[in-house]
Amino acid sequence: MLPTFLSGLPGKGQVSVIALLFFLIPGSRAQDHASINAYNRPSTSLSGYWKYIVDPYENGFYNYRLEAFEDQKEPGKNAFFTNSKPSDPSDLVEYDFDKSDSLRVPGDWNTQKEKLFYYEGSVWYKTSFRHQLSREDNRLFLYFGASNYKTDVYLNGKKLGRHIGGFTPFSFEITQILKPEDNFLILKVDNKRIKEGVPTLNTDWWNYGGPTREVKLLKTSTTFIKDHFLHLNTDDAKEIKGYVQLDGPASGEHPVRLYIPELAIDTALMTDETGKANIALASDKIVYWSLKDPKLYEVTLSAKEDTLTDRIGFRSISTRNDDILLNGEPIFLKGISIHEESPIRGGRGNSIEDARQLLDWARELGCNFVRLAHYPHNEHMVRLADEMGILVWEENPVYWTITWDEPETYKNAANQLTELIARDKNRASVIIWSMANETPTSEPRNVFLGKLAALARSLDPSRLISAALEQSTYRGDPKVRTIHDAFAEVVDVLSFNQYIGWYDGLPGKAQDISWVIDQNKPVLISEFGGGAKQGLHGDKNTRWTEEYQEYLYQETIKMLSSLKQLRGMSPWILVDFRSPRRVLPEIQDGWNRKGLISEEGKKKKAFFVLQDYYNSKE
Ligand code: GCB
């Protein structure tokens with residue numbers, strides 16, 4: 001018997017029909033951007049230990065001519081997604097999921113296996129399951145909270161699709177593929193950094209790989225409530241606006257009931273032929289979601305076959321000249337930046353306990369605001385912020401040197417932003433969508449970010465747009481700083497990062513700096529900070545000591561207080577976080593040390609400087 005790779009390799013032309021077939025299997029199409037409300041629906045979790053195979057050469061994906069097995073007429077047994085076993089003792093199959101080791105899902109691979117700590121490449125995962133969900137009058141979906149970075153998904157040997165982007169949810173309908181017994185789900189997750197990616201090659205955080213958030217099975221009725229958006233009318237805070245979107249054969253001209261018992265709202269809506277019903281409801285009884293009283297209403301939507309309940313707060317957020325107004329009242333954003341690392345286990349955070357610990361620390365610091373940097377964090381964070389009355393900045397991972405001229409890169413960034421907004425648009429706590437971080441100005445970059453901002457506004461008229469920009473000298477004078485960036489005209493909140501006292505002189509330098517801000521907009525300092533190794537002490541000009549960081553916070557706060565448009569800040573950063581850029585032995589050892597808290601949960605002196613400042617402010 002000839003090995004498969006010698007038995008007549010089909011040419012590209014032959015295979016695309018087969019490839020197409022993969023995508024035409026009824027019920028196997030990838031979903032569009034709606035979040036399908038996974039958080040609110042009953043589901044079956046596929047969490048647990050999954051078998052895995054590390055595949056740096058993508059041997060289970062390509063044949064030796066580097067042609068994808070899935071594009072071949074006969075993928076052959078060595079395509080890992082077929083999960084093949086030798087049919088007899090003479091048969092050649094060079095992998096075996098069932099004899100392979102296991103990794104916990106959800107979870108990053110880096111912090112589960114020492115040998116995978118620095119690994120960047122492909123890992124295959126396999127789990128098997130039965131399902132109790134009946135197909136009668138139902139539809140079944142496979143939902144991923146997030147998987148970093150490129151994920152190919154195969155169920156029972158069939159390709160469901162590919163998702164690109166490490167931090168947003170995606171799902172596939174599997175109604176026609178799922179069997180009652182012996183289902184096997186195989187993922188190929190590839191976290192290789194690529195220049196054209198979003199983010200690109202260069203970042204300052206750990207590139208944790210794997211299905212880092214929950215994977216679950218969801219059951220819906222044949223026609224179901226796929227999406228909903230309820231928010232205050234931006235021109236009239238006594239009106240709730242938005243829409244409900246049904247999906248399925250009966251979604252057109254279908255009645256939907258909207259029920260908010262506490263507001264005595266009980267309304268019948270009717271969808272149009274696309275399955276959408278617009279909402280416009282007047283009420284003068286709305287208790288607005290606020291920092292002191294983060295009121296959430298139970299909102300129930302029901303179509304004939306489907307009922308869905310969400311907890312939604314109503315508040316307005318706007319700007320007027322250099323003020324940020326929450327429910328029409330000026331606020332100061334007492335914030336902190338946060339990376340999504342688990343303060344409990346280390347590694348990528350994903351549990352509600354992780355989220356609670358991080359937000360509890362922010363609370364203790366006196367914060368009313370958090371900047372979730374530099375990519376969408378897990379949904380627990382924003383759900384909890386909703387409950388706790390903490391305002392949130394969410395960010396698309398357009399970071400540093402993105403390939404602005406590459407149309408696919410824009411599509412990718414737009415897709416990730418769309419998926420984020422789809423997931424979190426009903427969270428009152430979220431007030432700012434951030435388009436990017438520290439991106440160098442150029443015409444292609446301005447066009448790219450301008451398009452993203454327009455997209456965000458079209459998807460969600462009820463929030464503010466920003467981006468963490470960079471500052472520069474004013475008319476060449478190093479002592480005077482300004483924001484000279486065309487994108488500053490587009491944003492609602494003028495945010496920028498500045499590192500005077502760390503990358504730019506010593507902390508005492510801040511005393512000599514003044515600011516000229518020409519834009520009539522509220523200013524938010526999205527980052528400042530410096531590194532300190534917790535427990536290291538010395539004088540205030542000795543780098544890496546807690547005293548240096550403390551002094552830097554004191555001087556920076558003084559400098560920023562003279563900025564008359566200052567309406568908030570989110571210093572860098574709550575907790576030390578892992579970064580391969582940070583290699584200094586005995587100090588960094590792989591950690592960015594700008595945290596106010598060490599990775600072991602110990603507070604540094606600067607924590608208390610910021611805490612005092614926040615406690616002294618309204
Ligand atoms: C920045 C980046 C942030 C880095 C930080 C640093 O400006 O926005 O991602 O981690 O500086 O520590 O240098």
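Counting from 1, the numbers follow the sequence of the chain as shown. Only heavy atoms go into these numbers, but all of them, side chains included; no hydrogens, no water, no symmetry mates. Atoms within each ligand, like the ligands themselves, are counted from 1 in listed order.
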- request: Grab the two heavy atoms, one from G501 and one from Y548, that are nearest each other, plus how far apart they are.
  value: O-OH, 2.7 Å
Stepwise side-chain hydrogen bond (donor to acceptor under 3.5 Å, both in side chains) check, R445 with T439: CA-CA 8 Å; R445 171 273 202 178; T439 49; 3.1 Å; yes
field: Residue N497 vicinity, atoms of ligand 1 by number, heavy atom under 4.0 Å
entry: 7 (O), 8 (O)
query: Does R582 come within less than 4.0 angstrom of ligand 1, counting non-hydrogen atoms of the residue?
result: yes
- request: Give the numbers and elements of all ligand 1 atoms closer than 4.0 Å to a heavy atom of H374.
  value: 3 (C), 8 (O), 9 (O)
- request: Under 4.0 Å, heavy atoms only, figure out whether ligand 1 is touched by the backbone of F528, its side chain, both or neither.
  value: neither
field: Heavy-atom check, side chain of W393 versus side chain of V370, under 4.5 Å
entry: no
statement: Only residue of W572, W591, W206 satisfying ring pair (Phe, Tyr, Trp, His ring centres under 6.0 Å) with H339 is W572
- prompt: Mind checking whether W502 has a heavy atom under 4.0 Å from ligand 1?
  reply: no
message: As a quick check of understanding, evaluate ring pair (Phe, Tyr, Trp, His ring centres under 6.0 Å) for F167 and H374, giving each step before the final call.
response: CA-CA 10 Å; F167 305 97; H374 282 302; over 10 Å; no
statement: When distances are taken from atom 2 (C) of ligand 1, the protein heavy atom at minimum range is E527 OE1, 3.3 Å
Identified ring pair (Phe, Tyr, Trp, His ring centres under 6.0 Å) counterpart of Y553 within the set Y614, W502, F528: F528
Numbered atoms of ligand 1 (with element) below 4.0 Å of F577, judged on heavy atoms: 10 (O)
- request: List the closest protein heavy-atom neighbour of atom 7 (O) of ligand 1: residue, atom name, distance to the nearest 0.1 Å.
  value: E438 OE2, 2.3 Å
query: Nearest to atom 12 (O) of ligand 1, what protein heavy atom do you find, and at what distance?
result: K594 NZ, 2.6 Å
query: How far is atom 4 (C) of ligand 1 from its nearest protein heavy atom, and which residue and atom name does that atom have?
result: D204 OD2, 3.2 Å
query: With T401, which residues qualify under side chain to side chain donor-acceptor pair (under 3.5 Å), at least two apart?
result: none
- line: Going by the 4.0 angstrom heavy-atom rule, the piece of N437 near ligand 1 is side chain
message: Counting only nitrogen or oxygen atoms and a 3.5 angstrom limit, does W400 reach ligand 1?
response: no
- prompt: Does the cation-pi check pass for R193 over Y399, that is, NZ or CZ under 6.0 Å from the six-membered ring centre and within 45° of its axis?
  reply: no
- prompt: Which protein heavy atom lies closest to atom 13 (O) of ligand 1, and at what distance to 0.1 Å?
  reply: Y503 OH, 2.4 Å
message: Show me which atoms of ligand 1 lie under 4.0 Å from any heavy atom of N592.
response: 6 (C), 10 (O), 12 (O)
field: More than 12 heavy atoms of other groups within 6.0 Å of K192 NZ
entry: yes
